[in-house]
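Accompanying notes for the structure given below.
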There are 2 protein chains.
Amino acid sequence: MDKIFRIDMTNLTVAIEPVPEAWKGLGGRALTSTIVAAEVPPTCHALGPNNELVFAPGLLSGTAASNAGRFSCGAKSPLTGGIKECSAGGSSSRILARLGIKAVILQGQPKGDGWYSIVVRKDGAEIVPESETLGMGNFAVVDAVAKRHGEDFGVISLGPAGEHLMAISDISVKDPDGRIRSFGRGGLGAVMGSKKVKFIAVDPEGTANLPIADPVKFKEANKAFTKTLNDHPVSGQGLKKYGTAVLVNIINEAGGLPTKNFTTGQCDHHDAISGEQMYDNIVARGGEPTHGCSVGCQIQCSQIYHDEKGEFVTSGFEYETIWALGADALIKDLDIIAEIDREMDDIGVDSIETPVMFAVAMEAGILPWGDGKRLLEMLREDIAKGTPLGRLLGAGTGNLGRAYGLTRIPVVKNQAIPAYDPRAIKGIGVTYATTTMGADHTAGYAIATNVLNVGGKVDPLSNDGQVDLSRNLQIATAAIDSTGLCLFIAFPALDIPLCLTSVVDMLNARYGLALTGDDVVALGKHVLKVEHEFNLAAGLGPETDRLPEFFELEPLAPHQVKWDMNPKELERFWSF
Amino acid sequence: MDKIFRIDMTNLTVAIEPVPEAWKGLGGRALTSTIVAAEVPPTCHALGPNNELVFAPGLLSGTAASNAGRFSCGAKSPLTGGIKECSAGGSSSRILARLGIKAVILQGQPKGDGWYSIVVRKDGAEIVPESETLGMGNFAVVDAVAKRHGEDFGVISLGPAGEHLMAISDISVKDPDGRIRSFGRGGLGAVMGSKKVKFIAVDPEGTANLPIADPVKFKEANKAFTKTLNDHPVSGQGLKKYGTAVLVNIINEAGGLPTKNFTTGQCDHHDAISGEQMYDNIVARGGEPTHGCSVGCQIQCSQIYHDEKGEFVTSGFEYETIWALGADALIKDLDIIAEIDREMDDIGVDSIETPVMFAVAMEAGILPWGDGKRLLEMLREDIAKGTPLGRLLGAGTGNLGRAYGLTRIPVVKNQAIPAYDPRAIKGIGVTYATTTMGADHTAGYAIATNVLNVGGKVDPLSNDGQVDLSRNLQIATAAIDSTGLCLFIAFPALDIPLCLTSVVDMLNARYGLALTGDDVVALGKHVLKVEHEFNLAAGLGPETDRLPEFFELEPLAPHQVKWDMNPKELERFWSF
C-alpha cells in the first residue's frame, strides 16, 4: 500500500498518510508540483515555515525499467520565487519507491537554532537532533551516515552552503558508489536548510519488488525500450563515450557557446575543455569514461575523473559545469575545473548557478578572468564559511550582478542561464523565457532539434517554429520527469517511435492501465499548467517570461545575432 | 515659451523641444511619470541605455507661492523594477522653472568609461567630460561647482555610491545654504550614474518672473494658502519647532515605532532620539531649530544640527533617518546618528534604505546591534569605496536579506519599509502595499488620520476604512507632487477647506484656467493610473502589492497585532 510521509519540522512529528485519490496516478515532478501547488501559499517566503520540500520517486522508479533511477524534489524556490522541480539520480529514489513511499513532505520550521537529521524507514521516520555532521561537506556527511547507519542507506544531504541558506545551494544525493548527485537548481538546499535538516538517511531495510500488473508485458516493453536507448547515436554512443561534455565542441561549432560572460559565442580554447580531452585524460589516468548515476542506467553518461596522479577527483562531470567554468569564466585547465566541480559537490552548490555567478564576479572585478585557483579559494574560504564575500557570491548571479550595477546579468527569473546562447540557438531561448523553472535547459531541450538534428531540424538562427518546438519539448519533458526516467531518453524518444510506446507499455504493465501516448501528453500539459498557475499567483506574470535585455542589444559573434523574438510570440507559448 | 531639454548621453547631444500639447498641463510627478511611461520600455534594464531620468519642476514652482520649491525626479527604479518618482527641495527647481524649462530628460548611455558633467543654461546645455569631481562626496562637489561656475548655480549631483551604481544611492540637490537635499528613494543615483553624469549645474542667468495670468488673484490665493499653513498645528507649530522628529515620541506612544529590525513596536530609549531632545541639543549648541529646504518655505521643518563643540554636523535631519538608526538599528546616541546622517548625504545614499539595511545587517551578524561607529566605518570604508562588503550592503535591504537567507526583510517591491509599523498602523500598511513606488510612507501618509487625527480619525488597529483612506491620500498626494508644493501642505489641506481651494485658485491664476477641486482629484487619479500601468507592464502585478509574510506571522508588541488585511481588500485599491 503506497503512502506519503509527512514530516512536520515545527512540531517534530511524522505522519504516514494514505495517498489521496487525486494523487494516485502521479509521480516524480507531477507529484511534487501538485503537492507544492496544493499546499504552499504562492506568495509565502520560500525560507519561512509555509514552504514545503517534497521528494517523490517517479512512476517507474523502483522497477526493472532501464534508466528509471531518478526522483524529483520540489518546493517554492528562494532563487526564482516560483515553483521548482529538480531531478536527480542516486540510490534514494529506488529505495523510497521500493518501500512504497510515494512522497516525503518536509513542512514547517523549528523554532530554535538546533539542527536535525531524519531517518526514513519502511514504517516510519525519526527526527533526531544533529550535531556531528554540522559544517561538514557532503562527502564527509555520506561517510558519517554510512558509519552511523550503514553503507547501503540512501543519503539526501546539505553541504555548508545549504546550512547558510544560500540561494546557490543544492541538495545532494548519494549515488551507488558513494559519490554525489544533486538536485542542483533553484536553491533547494536553502529550503532544506531553512527547515534545519542536515540530512535524510533512507533505510533500505524492507525494500521489496514492486507489484507489476503484467510482468511479461513489462519485461518485453523494457527490452524494447532499452534497445532504443542503445540504438540511438546520442544515448547509445555520444553520451556513453564522452559524457555530456561531448557538447563543448558541438556547441562551439554552432557559435552558441557563451564565452566570457556571454560576450561571444565561441571559445578559443574549446579543445582543451572538450569531452574528447576529458576522455583522453580519463583513459590515460585510469579513470572510468562511462559510469551510471543510478542502478539500471543504460546510458552511463557519468564518468570517474582522476588527476595526474591517478587519484579520484570527481564524477558526474557535466558539460554545463565545464562550459561555465571553462568558457564562460575562461578557466583553461580541465584539471582545475574538475577540482572545482568536486568542491562544488562537497560544499553543496549548483554547478550551473555558481560558475555563471563567478563569471559575473570576474566581469565585476572581484577576481581575475580565468583564475580557477582564486575561485577555489573563494569557494572554500568564503562561500563554505559564509563570510560577507561568500554571502555576496552565494546569493547567486542575479543578486551579485545587481550589487555591482551590471547590465549583462544572464538570468531568467533570477536563475542563471545555462550553456547555450539564446541568440544563436533561439529555440532554447524560448525555453529559458517561458519555462516555469527560470532559465533551465532541461525544461525543454531545444538543442536537440536546433543543433543535434534529433526530432527533425529547426534552424537555430530563425525564430520560426521555435515556440512550438519548445512547447512540445516542455510538455514531453514534464511527462518524462514524472516517470523517474532519465531525461536523456528523450533523444531516442524524439527519433524512434518504439521508445515512447514502450514507456507507455511499461506504465500500463506496471499499474494495469490502458494509457495511450495522448494520456502522457495530457499529463505533461497538466503539470505545466499547475506550475504556471502557481507562478502567476506568486507574481511571476508574462512580463517575467522574457530574456534579459542585453541579448536584444548586444550582437553575438560569430553569427552577429541578437535576440529578436517578439514578446507576443512568447506569450503564445501558454496557449494550449 | 516653455521647453523641454532632451540630453542624449549616447550621442552627447542636446535638443531643446517644445512641450507637446498633451504634457502642457502637467508638472512635477505628473510630468515625470508621464514621460517615463511614454518613453521607457517597462521591462528594460533600469541601468541600461533605454531608461530615462527626468527632472521636472512643479506647476507652481518658480512662482511666489509658499512652499512651492520642490521638483520631481523620475525613472524606472533599479531597486523596485517599477516606476519611480521622488520629490526634493533645494534651489534647482526654482531656477529651472524660472528659465522656462518644464523638464530635463537624460536618455541613452555613453559607450566608453568616461564621465561627464552637464551645465544647463537658459538657451542650451553643455555636456563636458568630467574628472575633477569623480570620487568626491556631495559636499565637495557642491564646493567644486561653486568655484567652477558660481555660488548661485543649482547643483544636482552624485556621491560615490551613485558612481558605483548602488541601489541605495540617491541624487543630491544643493539647497539655498549650500547643503544637501535628496531625491532619496529607489536608487535614482544609480540611474544617473549609469548615464555617467556626475553632476548637473543649473545656471540662474536669465531667470525671470513667470507670467501670471491673474496676478491679483494669485497674490490673494497665496496669502490665504499661507495662512492655512501657519494656522494648522502640525505645519504651523509641530514641524516648525521639532522638525519631523517630533514623530519619534508620538509613534512610539502609538506602539508603531519599528524597533530592532521590526521585532517590536516601542523603543526603550525613545526619549534620547526624540525631536524634543534634538531641539534641546540644537538650542544649547547654537544651531538652528527651524530652517527651510528651499526659497519660500513657510513650514521650516529642516534644522541645523551642531555637535558639542558648536560646529555644523547636518541639516534636514529627518524623523525617518533618526528612527531607522535610533530605533530600528538601536543606536542610542543622537550625535552619532547626526554624523551618520551627514555621511549619508555626502556619500549619496538614501537615508531610509541605508539604515533599514544596516538593521538587517545587524540581524545578520555583520555588525553589532547599535554600533554606530562601526556603521560609520562601513559607510566610509566599504560603501563609499565599493569594496565587496560595500557592494553587499549597497545593493539594499532586500538583496542583503536574501544573501543571508533571512525571513524578516522589511521591504515592499524590494524597497525598505519606513518608520511606521503596518501591524499597528494599518492604513500605512495599505499604502506600503499598494503604492506604485514600493514601500513609501510619503505616497499616502495614513499616519495623519490613523495617529495624528488630521483629516478625521480612522482606528489604526482596525482594517476598516484603511483602503479608502489610503486611496484618497494617494490620489491627493499624486496631485500635490505635481504642483511643486511640499507634501506637508497636506496637513492643513486635510483639515482646512480653504487650503486646497487656495491651491486651485493659484493654479487658475497662474495659467488662466478654471479648474475645480475635482480636476485636481482627476489629475491625481490619472497619475496613479499611468504609474500603475507602467508597473503592470514591468511585471509588478497585484501579487506584488503585498507586505512581507513576516508581518502576518509575528505579532508586534505592545498591541500584539499582526497584519491581517485580506489580499482581496488590497486588490480593491485599484478600483477607481
Side-chain angles (χ1 to χ4, degrees), chain A residues 41-50 78-79 81 109 163-167 169 187 190 193-194 361 364-366 382 386-396 398-400 402-409 414 535-546 548-550 552-553 567, chain B residues 41-50 78-79 81 109 163-167 169 187 190 193-194 361 364-366 382 386-396 398-400 402-409 414 535-546 548-550 552-553 567:
Chain A
T43 55
C44 78
H45 194 303
L47 303 181
N50 288 329
L79 188 72
Q109 192 166 59
E163 291 185 47
H164 297 322
L165 311 188
M166 287 175 173
S169 66
S194 77
I366 297 175
D382 292 297
T387 67
L389 174 59
R391 294 288 186 168
L392 178 66
L393 303 170
N399 244 45
L400 180 68
R402 285 190 292 276
Y404 278 78
L406 301 179
T407 52
R408 196 180 301 109
I409 310 177
N414 203 40
N535 279 3
L536 291 175
L540 295 174
E543 304 77 13
T544 69
D545 284 0
R546 296 279 185 280
E549 190 188 34
F550 80 87
E552 297 172 21
L553 301 178
Chain B
T43 56
C44 78
H45 194 303
L47 304 181
N50 288 330
L79 187 73
Q109 192 166 60
E163 290 184 47
H164 297 322
L165 311 189
M166 288 174 173
S169 66
S194 76
I366 297 175
D382 292 296
T387 67
L389 175 58
R391 295 288 187 169
L392 178 67
L393 303 170
N399 244 46
L400 178 69
R402 285 190 292 275
Y404 278 79
L406 301 179
T407 52
R408 196 181 301 109
I409 310 177
N414 202 40
N535 279 3
L536 291 174
L540 296 174
E543 304 78 15
T544 68
D545 285 358
R546 297 278 186 281
E549 190 188 33
F550 79 87
E552 298 171 21
L553 302 177

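For the numbers below, each heavy atom of this structure counts, side chains included, while hydrogens, waters and symmetry mates do not. Sequence lines set the chain letters: A, B, ... in the order given, protein chains first and strands last, and positions in each chain run from 1.
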For a quick test of reading the model, state the closest non-hydrogen atom pair linking [X] to [Y] and the distance between them.
X: P78(B); Y: A190(B); result: CG-CB, 4.1 Å
X: A538(A); Y: G81(A); result: CB-O, 3.6 Å
X: L165(A); Y: G193(A); result: CD2-C, 3.3 Å

Tell me, side chain or backbone of [X] under 4.5 Å from chain A's heavy atoms, or both, or neither?
X: A361(B); result: neither
X: L540(B); result: neither
X: P567(B); result: neither
X: E543(B); result: both

Original post:
What residue in N50(A), T43(A), L400(A), I409(A) has the most heavy-atom pairs under 4.5 Å with chain B?
Top reply: N50(A)
Original post:
What residue in E549(A), R546(A), E552(A) has the most heavy-atom pairs under 4.5 Å with chain B?
Top reply: E549(A)
Original post:
Which bit of A46(A) is near chain B, if near means a heavy-atom gap under 4.5 Å: side chain, backbone, both or neither?
Top reply: neither
**OP:** Would you mind checking which part of P548(A) comes under 4.5 Å of any heavy atom in chain B, side chain (CB onward), backbone (N, CA, C, O), both or neither?
**Re:** neither
**OP:** Determine the option with the most heavy-atom pairs under 4.5 angstrom with chain A, choosing from G541(B), C44(B), P41(B), G48(B).
**Re:** C44(B)
Subject >> Greatest number of heavy atom pairs closer than 4.5 Å to chain A - which of P542(B), G396(B), A537(B), S194(B) >> reply: A537(B)
Original post:
In Å, rounded to the nearest 0.5 Å, how long is the span from CG of N414(B) to CZ of R402(B)?
Top reply: 4.5 Å
Give every donor-acceptor pair under 3.5 Å between a side-chain atom in residues 387-395 of chain B and any protein atom, sequence neighbours left out.
residue	atom	partner	partner atom	Å
T387(B)	OG1	D382(B)	OD1	2.7
T387(B)	OG1	L389(B)	N	3.4
T387(B)	OG1	G390(B)	N	3.0
R391(B)	NH1	A403(A)	O	3.3
R391(B)	NH1	H164(B)	O	2.6

Original post:
Has the side chain of T407(A) got a donor or acceptor atom that lies under 3.5 Å from a matching backbone atom of L47(B)?
Top reply: no
